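See structure below.
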Amino acid sequence: MPRTAYRKRLFGVGVSRICAVAAAPTAAEMADLVRAGLRETPTIELRLDWLRNDSERSRLLLWLKRNRPGGTTFVATCRRRVGGGELSGGVSAELYWLNEAREAGCSWCDLEIETLRELPQSKAMSELGLPAHILLSLHDFKRTPVRLQLLHSSARREADAVKIAANAQTIGDSLRLLRLARSSPHLVAVPMGELGLPARILALREGSALAYAPIGEATASGQVSLHALKHLYRAHELTRRTRVYGVIGDPVGHSLSPLLHNTGFIARKIDAVYLPFLVKDLRDFLKAVPELGIRGFSVTIPHKQSILKHLHDCDPLAAEIGAVNTVVVRRDGTLSGSNTDYVGILRAMEKKLRLPGSRVLIFGAGGVARAAAFALAKAGAHIGVCARREKAARELAKAAGGEVVPRSALQSESFDAILNATPIGMHPNDRISPLSSRELNCRLVMDLINRPQTTQLLKLAARKGIATVSGVEMFVPQGVAQWELWTGQRAPESIMRKAVLRALRVGEESRLHG
């Protein structure tokens, strides 16, 4: 049977291959999650093991039996703790609840390989009273097994489909799992962990029979929410023709770049997707670029300077700055670097301050600090650099034609503007400030951190009556410049900005009420 037809028989096509995961402690909460999930996809996994006791499991399955709508596929999972789940009972308890799930209308069940190994060899699968279709699952929460093909082949004989969920310690690990999915139409590939997150999103494109996403609380590391998987990343619509972009950094989970860029792609109906890549080892990521079809990527902390040695060429301004935040992957696979931080900083500062002749202190000496120093110096500002690393501060000050300002001098010296170019105060460590109130002797403070929008530093400045500029004012224009560089089209900047501001506002409100 052709691969596409086989997948259709298994779980349907398109959005049906997005499996919403319902996991909650009570039947009432689970039912609410199921209803919410069915608004997005007709395929739902019921994590029966997450329900806090047998009574709640009985209530949920009774509700399902009475309320299950037609055209839906329910996958029952009651994973024991030995397999990474929450069920405290043994094999008999797991099989009992999977049997009950079949009676309630679940056509599939997820049976972990540990359970299969504990069953008597004489016991046929058909005698277990399980749902009609069995998804045999292997979970490895520590690593990606070396012999993936062998594991898949042996498990395939026992089930309708096989799920391999493995922790990706490198991006290369997640690629090995995707390669297996390309050649196996009955495989569900689940790269786990934050390093595996981009591969989770690309799994359907690469051939995985399903992609999982939580409706409510995440049930595994590196998961993408159901709404984001379907509406932001459009995982069910991606093909090998889809252009792939992304942001590389460490950390990267806080980044608003996927929201910014994907919003632009959606608004302009461009077949492209932008993914967050946690990159601890640049070479690990760069090896994956050709296989994933990556056409360009943003660069953030800590790779803005180290990426330079991997580039085929670099625009003169980025070379002068000595830091790159934007890379284009050419058709021949070579990398070309540029810097759009420069544009973003200038656009943000020029709205608030007359730069020629002004005195600006840059706090920090990393990649974004270099872009700020060169941008403001070329605009006519006198630059001071203050950084924890004295050598880096001296080098940057010399390169930008500025001066080094020791931290001890900040309480006595004054500036027209102070610009924070360090990650201190960034989400989730947003209750701290890189500078104290006594060190803010200026007319304007700008923080290049964009999440949260109003950092602790900006709050201190506002209390002193100092004008403030959020990092969003730099983040959006630099991202728009990247987007236009990659696509060759005019970006829908107002739509992209609104999406970012809305996300920041929702995040702030949830923190206040959480």
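Just so we're clear, the structure is a prediction, and the values are computed from it rather than from any experiment.
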Hey, is the main chain of Ala491 close enough, under 3.5 Å, to the side chain of Glu484 for a donor-acceptor pair? yes
Pair Asn325, Thr340 - check side chain to side chain contact (heavy atoms under 4.5 Å, CB included), show working. CA-CA 7 Å; Asn325 81 317; Thr340 65; 3.0 Å; yes
Validation: residues 95-104 side-chain donor-acceptor distances under 3.5 Å, sequence neighbours left out:
{"residue": "Trp97", "atom": "NE1", "partner": "Asp54", "partner atom": "OD1", "Å": "3.4"}
{"residue": "Asn99", "atom": "ND2", "partner": "Gly129", "partner atom": "O", "Å": "3.0"}
{"residue": "Arg102", "atom": "NE", "partner": "Gly129", "partner atom": "O", "Å": "2.9"}

So SG of Cys19 and CG of Leu210: to nearest 0.5 Å the spacing works out to 5.5 Å
Give, for atom CG of Leu202 and atom OG1 of Thr242, the distance between the pair rounded to the nearest 0.5 Å. 9.0 Å
Shortest non-hydrogen separation from Leu130 to Cys109 and the atoms involved: CB-SG, 4.2 Å
Has Arg241 got a side-chain atom pairing as donor or acceptor with Asp271's backbone, closer than 3.5 angstrom? no
Side-chain donor/acceptor of Asp140 to backbone N/O of Ala166, under 3.5 Å: no
Would you say the side chain of Arg268 lies within less than 4.5 Å of the side chain of Trp483, judging by non-hydrogen atoms? yes
Looking only at heavy atoms, what is the nearest atom pair of Ala159 and Leu136, with distance? CB-CB, 3.6 Å
Please report the interatomic distance CG(Leu282) to OG(Ser306), rounded to the nearest 0.5 Å. 4.5 Å
Between Ile215 and Ala36 the two heavy atoms that sit nearest each other are CG2-CB, 4.0 Å
Nearest-0.5 Å distance that lies between atom CD in Gln478 and atom CG in Leu260: 7.5 Å
Qualifying residue, where the test is salt bridge (Lys or Arg N to Asp or Glu O under 4.0 Å) with Glu206 and the options are Arg182, Arg176, Arg179: Arg182
Within the 4.5 Å heavy-atom criterion, are Leu195 and Asn167 side-chain neighbours or not? no
Within residues 58-69 or reaching into it, pairs that qualify as side chain to side chain donor-acceptor pair (under 3.5 Å) - sequence neighbours excluded: Glu56-Arg59
Non-neighbouring partners of Asn429 that pass side-chain hydrogen bond (donor to acceptor under 3.5 Å, both in side chains), sequence neighbours left out: none
Does Val329 offer a backbone N or O that forms a donor-acceptor pair with the side chain of Arg295 under 3.5 Å? no
Could you pull out all residues at least two apart from Thr115 that satisfy side-chain hydrogen bond (donor to acceptor under 3.5 Å, both in side chains)? Arg80, Glu94, Glu112
Go through Leu501 and Gln453 one step at a time and tell me if the side chain to side chain contact (heavy atoms under 4.5 Å, CB included) criterion holds. CA-CA 8 Å; Leu501 292 175; Gln453 183 176 4; 3.6 Å; yes
Pair Asp110 + Lys163: basic N to acidic O under 4.0 Å: yes
Between Val327 and His303, is any pair of side-chain heavy atoms under 4.5 Å apart? no
For Thr326 and Asn339, indicate whether the former's side chain and the latter's backbone hold a donor-acceptor pair under 3.5 Å. no
If we ignore hydrogens and angles and just use 3.5 Å, is the side chain of Ser107 paired with the main-chain N or O of Thr73 as donor and acceptor? no
Does Arg283, at its CZ atom, have more than 12 non-hydrogen atoms belonging to other residues, nucleotides or ligands within less than 6.0 Å? no
Where the side chain of Thr77 meets the backbone of Arg79, is there a donor-acceptor pair that is under 3.5 Å apart? no
Apply side chain to side chain contact (heavy atoms under 4.5 Å, CB included) to residues Gln482 and Ser257 and explain how you reach the verdict. CA-CA 11 Å; Gln482 291 179 325; Ser257 292; 5.5 Å; no
Nearest-0.5 Å distance that lies between atom NE2 in His261 and atom CE in Met496: 6.0 Å
Test log, rule side chain to side chain contact (heavy atoms under 4.5 Å, CB included), inputs Lys230 and Thr41: CA-CA 9 Å; Lys230 182 182 176 184; Thr41 176; 6.0 Å; no
Are more than 12 heavy atoms, taken from residues, nucleotides or ligands other than Arg240, located less than 6.0 Å from that residue's CZ atom? yes
Nearest-0.5 Å distance that lies between atom SG in Cys106 and atom CG in Leu64: 5.5 Å
So side chain to side chain donor-acceptor pair (under 3.5 Å) across residues 81-93, not counting sequence neighbours, yields none
Are Glu40 and Val15 side-chain neighbours, meaning at least one heavy-atom pair lies under 4.5 Å? no
Salt bridge (Lys or Arg N to Asp or Glu O under 4.0 Å) with Asp313: which residues, sequence neighbours excluded? Arg330
From CA spacing to verdict: ring-ring contact (aromatic ring centres under 6.0 Å, His included), Phe265, Tyr274: CA-CA 9 Å; Phe265 294 146; Tyr274 184 103; 7.2 Å; no
Are the side chains of Val247 and Thr300 in touch, meaning some heavy atoms are under 4.5 Å apart? yes
Taking the side chain from Lys287 and the backbone from Gly172, do they hold a donor-acceptor pair closer than 3.5 Å? no
Note: Pro198 and Pro276 closest approach over all heavy atoms is CG-O, 3.0 Å
Parallel, tilted or perpendicular, as decided by the 30° and 60° cut-offs, for the rings of His227 and His231: tilted
Less than 4.5 Å apart, side chain to side chain, heavy atoms only: is that true for Val273 and Glu237? no
Is there a side-chain contact between Lys304 and Asp341 (heavy atoms, below 4.5 Å)? yes
Shortest non-hydrogen contact between Ala267 and Pro492, atoms and distance: CB-CG, 3.9 Å
For Arg17 and Leu204, indicate whether the former's side chain and the latter's backbone hold a donor-acceptor pair under 3.5 Å. yes
Has Arg57 got a side-chain atom pairing as donor or acceptor with Leu51's backbone, closer than 3.5 angstrom? yes
Within a strict 4.5 Å, meaning less than it, do heavy atoms of the Ile201 and Leu197 side chains meet? yes
For Ala272 and Arg234, work out which heavy atoms get closest and say how close. O-NH2, 3.0 Å
